[in-house]
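Worksheet: the structure to be examined is printed underneath.
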Amino acid sequence: DTAVSQTPKYLVTQMGNDKSIKCEQNLGHDTMYWYKQDSKKFLKIMFSYNNKELIINETVPNRFSPKSPDKAHLNLHINSLELGDSAVYFCASSQGVTGEREYFGAGTRLSVL
Amino acid sequence: GESVGLHLPTLSVQEGDNSIINCAYSNSASDYFIWYKQESGKGPQFIIDIRSNMDKRQGQRVTVLLNKTVKHLSLQIAATQPGDSAVYFCAERQAGNMLTFGGGTRLMVKP
């Protein structure tokens, strides 16, 4: 009965590879997010989708492409992985458009070797 | 733009003592604030929130204080327990905009 679930929890891959992280929420929320958390624990918003429409796209390389097949899912595909992409990626969701209480998944720790 | 709480300081407290975690925010137009707790290996979890028309709100063992005059937010944890050890984030929202997270404070509880 996990509210926001993301897979995989750990992802270890080589530089240059392409990988995807999946996220699903069963809260009936309209808005979903992707955050990147660096080694200093700073949380940086990457993308936000409301009802499958992109509403926030912060300064993120084009190698990162979110896809929302329906409002309960927001996946993150990353092309040509670089060492600097190593981080923990969190999916979150909220009711309403933005600025409401956000519910976070457990995170995906990505290690690029 | 400016961020909420730029650093990751560490607060070390003795088990049973009260903890106070502080957060300075920069946007005087912010109308909603949240405290999150992030335990090791987990995602941030909601603790308590407060709207700008209030200056204090209490939960179970936690109290959030909002001082809009000096743009300061604090989280007080009563009778701190080992399970309270985590990184704590404050977040602010300007009406109609997204949440902006601070840099976090690590709370360490000594037995």
Side-chain angles (χ1 to χ4, degrees), chain A residues 2-11 21 23-25 27 29-50 54-60 74 87-111, chain B residues 1-11 21 23 25-27 29-52 57 59 62 64 73 75 85-108:
Chain A
T2 305
V4 181
S5 58
Q6 51 183 113
T7 56
K9 188 165 175 63
Y10 301 97
L11 188 51
I21 308 172
C23 180
E24 175 182 4
Q25 54 95 4
L27 297 167
H29 287 166
D30 294 327
T31 306
M32 296 185 71
Y33 310 81
W34 277 109
Y35 285 85
K36 179 180 180 180
Q37 187 174 50
D38 62 21
S39 58
K40 293 187 171 69
K41 299 294 186 182
F42 187 72
L43 273 167
K44 180 177 169 58
I45 183 74
M46 299 174 69
F47 302 101
S48 174
Y49 270 70
N50 177 258
L54 178 67
I55 54 172
I56 292 173
N57 183 352
E58 293 295 304
T59 306
V60 176
L74 181 62
V88 182
Y89 291 84
F90 287 101
C91 177
S93 72
S94 69
Q95 190 62 280
V97 179
T98 57
E100 301 296 328
R101 172 182 166 181
E102 296 177 17
Y103 294 73
F104 284 80
T108 296
R109 181 174 293 276
L110 172 64
S111 299
Chain B
E2 295 181 83
S3 300
V4 176
L6 293 171
H7 308 288
L8 183 63
T10 297
L11 175 65
I21 300 171
C23 180
Y25 66 94
S26 57
N27 194 334
S30 292
D31 66 348
Y32 179 56
F33 304 86
I34 304 179
W35 279 101
Y36 282 89
K37 172 187 180 183
Q38 185 180 14
E39 296 177 87
S40 181
K42 298 183 180 179
Q45 298 297 311
F46 172 89
I47 302 173
I48 192 167
D49 57 3
I50 189 167
R51 300 196 182 272
S52 59
R57 191 162 187 226
V62 295
V64 56
L73 191 69
L75 177 70
S85 294
V87 177
Y88 290 80
F89 294 94
C90 63
E92 64 172 322
R93 179 196 74 182
Q94 183 182 0
N97 288 332
M98 53 191 253
L99 285 178
T100 301
F101 284 82
T105 297
R106 186 182 300 280
L107 176 65
M108 297 176 62

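Order of the sequence lines sets the chain letters (A, B, ...), proteins ahead of strands, with each chain counted from 1. From a predicted model like this one, the values you see are computed outputs, not experimental measurements.
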For this session: Under 4.5 Å heavy-atom distance to chain B, tell me which part of A:K40 shows up: side chain, backbone, both or neither.
Result: backbone

Seminar exercise, completed: Per-residue tally against chain B (heavy atom, under 4.5 Å) across A:Q6, A:Q37, A:K9 peaks at A:Q37

Exercise. When only pairs under 4.5 Å are counted, which of A:R101, A:R109, A:K44 shares the most heavy-atom pairs with chain B?
Worked result: A:R101

Exercise. Roughly how far, to the nearest 0.5 Å, is the CZ atom of B:F46 from the CZ atom of A:F104?
Worked result: 12.5 Å

Problem set entry | side-chain hydrogen bond (donor to acceptor under 3.5 Å, both in side chains) involving A:Y35 - partner list, sequence neighbours excluded | A:E102

